[in-house]
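Working notes, beginning with the structure itself.
Treat the numbers as computed from the prediction; the structure is a model and nothing was measured.
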Amino acid sequence: MKASPSSPPAAPATARVGGRSTTPLPPSPHLTNFFVWREFVWGGIAGAFGEGMMHPVDTLKTRLQSQAIMTGAKAQKNIFQMVRTVWASDGLRGFYRGISPGVTGSLATGATYFGVIESTKTWLENANPNLSGHWSHFIAGAIGDTLGSFVYVPCEVMKQRMQVQGTQKSWALAAAKGSISQTHGTQMYGYYNGMLHAGCSIWRGHGLKGLYAGYWSTLARDVPFAGLMVTFYEAMKEFTEYGKTKYLPNSDFDVGNSFEGLVLGGLAGGCSAYLTTPLDVIKTRLQVQGSTTRYNGWLDAITKTWTSEGVHGLFKGSIPRIIWYIPASAFTFMAVEFLRDHFNDKVDTDARELPSLSLNAVSEVEKSA
């Protein structure tokens, strides 16, 4: 059981040849770089996998949270009513609207999240030995997610607008019936045929500001979420190791890193998701509103939501958010641990063999001299 998301390769030993100390050659720069870059690759694959598996639940969450904008003061649906509504109007396709930008954004976030965590955590602990492990985990997770936000936020804007639109027929029907709450005479935004069309349309209409709508509210949600998730995950791994050492000291029982990632990753994601739901509600409403300016910024959105809907409004969509994040985080951490277990071993073995090869070469030179 590993104590951190990834373990650095073992340092090569120093040997003595011909009566003097010989330091083996360092691993190839290409191999050394791969030790770093493989975490980006594993994280990207895992992030895209988790998003793809759970996108329908995310669609329900987005629609529940955006009802105040889309339908105004009309009676709002609960999660079961929303499932029936999406199925009746759009069928299975409705649940998967926006999956392309969703997977793209999650791939970028997963890559930076897992790729940056270990190096940042190690640097923080070396720079400040007094910094506790949990704080270094929190900061490392927050930095990794912040870097991914430059790609993730535009993808999130496109994804969520496509999710609330459903199919072209249902979007046109909703507009014709006047069920989309908007300023009189103002078109909210046109229908998007795909990710590229959505990006180009938002760029033409609002420029860079449109693609990064709700950017600060996204950071306000994702930085604490990312920090909390990796902190919870590492804390639960330490607690699991402690429990095994204390209660099963002589046992060879090992559930495997993949299963551990599945269970602990799901718990960490679920806890973090619930605690940051109010921030997610504000972010969603700012990104979905488009030309219909119902909220003038993050603080105004919080104030109006609290005044009109209270605590219930701030935690709207918490159930589908938790339902989404538990398996999504579980699949993501499981995939990362699986990829590390099955693809890192051979590279680590090759790296350890390099010093041995260099020592043998030096030995042969000594013999022939």
Side-chain angles (χ1 to χ4, degrees), residues 58-79 82 97-98 101-102 105 146 149-150 152-166 171 174-175 178-192 198-199 201-225 273-321:
D58 184 62
T59 298
L60 293 174
K61 182 217 68 159
T62 299
R63 290 203 175 192
L64 284 169
Q65 291 180 340
S66 60
Q67 286 182 98
I69 295 174
M70 309 305 295
T71 61
K74 295 181 180 180
Q76 298 188 8
K77 300 177 174 65
N78 59 37
I79 184 172
M82 187 60 74
R97 276 286 290 170
T146 300
S149 68
F150 294 107
Y152 174 73
V153 173
C155 290
E156 184 79 352
V157 172
M158 291 182 278
K159 179 196 75 172
Q160 292 193 329
R161 292 190 181 186
M162 292 172 70
Q163 285 175 321
V164 299
Q165 286 181 334
W171 181 250
S179 59
I180 300 176
S181 176
Q182 55 183 292
T183 305
H184 179 69
T186 302
Q187 183 181 15
M188 193 169 184
Y189 38 77
Y191 186 80
Y192 304 133
S201 298
I202 296 171
W203 176 267
R204 286 195 300 267
H206 302 282
L208 196 63
K209 183 180 179 181
L211 285 171
Y212 281 89
Y215 178 77
W216 295 112
S217 61
T218 301
L219 283 188
R221 178 201 69 174
D222 286 351
V223 167
F225 172 81
Y274 179 75
L275 293 175
T276 55
T277 295
L279 302 172
D280 185 56
V281 171
I282 301 306
K283 178 203 71 72
T284 297
R285 293 186 176 185
L286 287 172
Q287 291 180 330
V288 166
Q289 66 179 346
S291 300
T292 307
T293 309
R294 182 184 178 94
Y295 306 112
N296 296 314
W298 192 72
L299 184 60
D300 183 54
I302 292 178
T303 303
K304 288 181 177 177
T305 301
W306 175 268
T307 302
S308 61
E309 302 173 63
V311 177
H312 177 71
L314 288 174
F315 279 89
K316 185 164 290 184
S318 60
I319 294 177
R321 179 169 163 79

To the nearest 0.5 Å, how far apart are [atom1] in [X] and [atom2] in [Y]?
X	Y	atom1	atom2	answer
Phe315	Gln65	CZ	CD	11.5 Å
Ser201	His206	OG	NE2	10.0 Å
Tyr295	Leu286	OH	CG	8.5 Å

- Query: What heavy-atom pair brings Gly210 and Val157 nearest, and what distance separates the two atoms?
  - Reply: O-CG1, 3.8 Å
- Check Pro101 against Met162 and note the closest heavy-atom contact, atom names and distance.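 For Pro101 and Met162, the tightest heavy-atom pair comes out as CG-SD, 4.1 Å.
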Do [X] and [Y] touch side chain to side chain, with heavy atoms closer than 4.5 Å?
X	Y	result
Lys304	Arg285	no
Leu64	Asn78	no
Ile202	Tyr192	yes
Lys61	Gln160	yes

- Using a strict 4.0 Å threshold on nitrogen-to-oxygen distance, state whether Asp222 and Lys283 make a salt bridge.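 Answer for the salt bridge query: no.
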- With Phe150 via ring-ring contact (aromatic ring centres under 6.0 Å, His included) - residues at least two apart: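 Phe150 satisfies ring-ring contact (aromatic ring centres under 6.0 Å, His included) with no other residue.
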- side-chain contact (heavy atoms from CB on, under 4.5 Å) with Thr305: which of Val311, Leu314, Asp300?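 Single pass found, and it is Leu314.
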- Query: Picking from Asp280, Thr276, Leu279, Thr277, what satisfies side-chain contact (heavy atoms from CB on, under 4.5 Å) with Phe225?
  - Reply: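 Passing option: Thr276.
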- Message: Under the rule for salt bridge (Lys or Arg N to Asp or Glu O under 4.0 Å), what residues qualify as partners of Arg97, not counting sequence neighbours?
- Response: none
- Glu156 side chain to Ser149 main-chain N or O, any donor-acceptor pair under 3.5 Å?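 Absent.
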- Whether over 12 other heavy atoms sit under 6.0 Å from Leu211 CG: yes
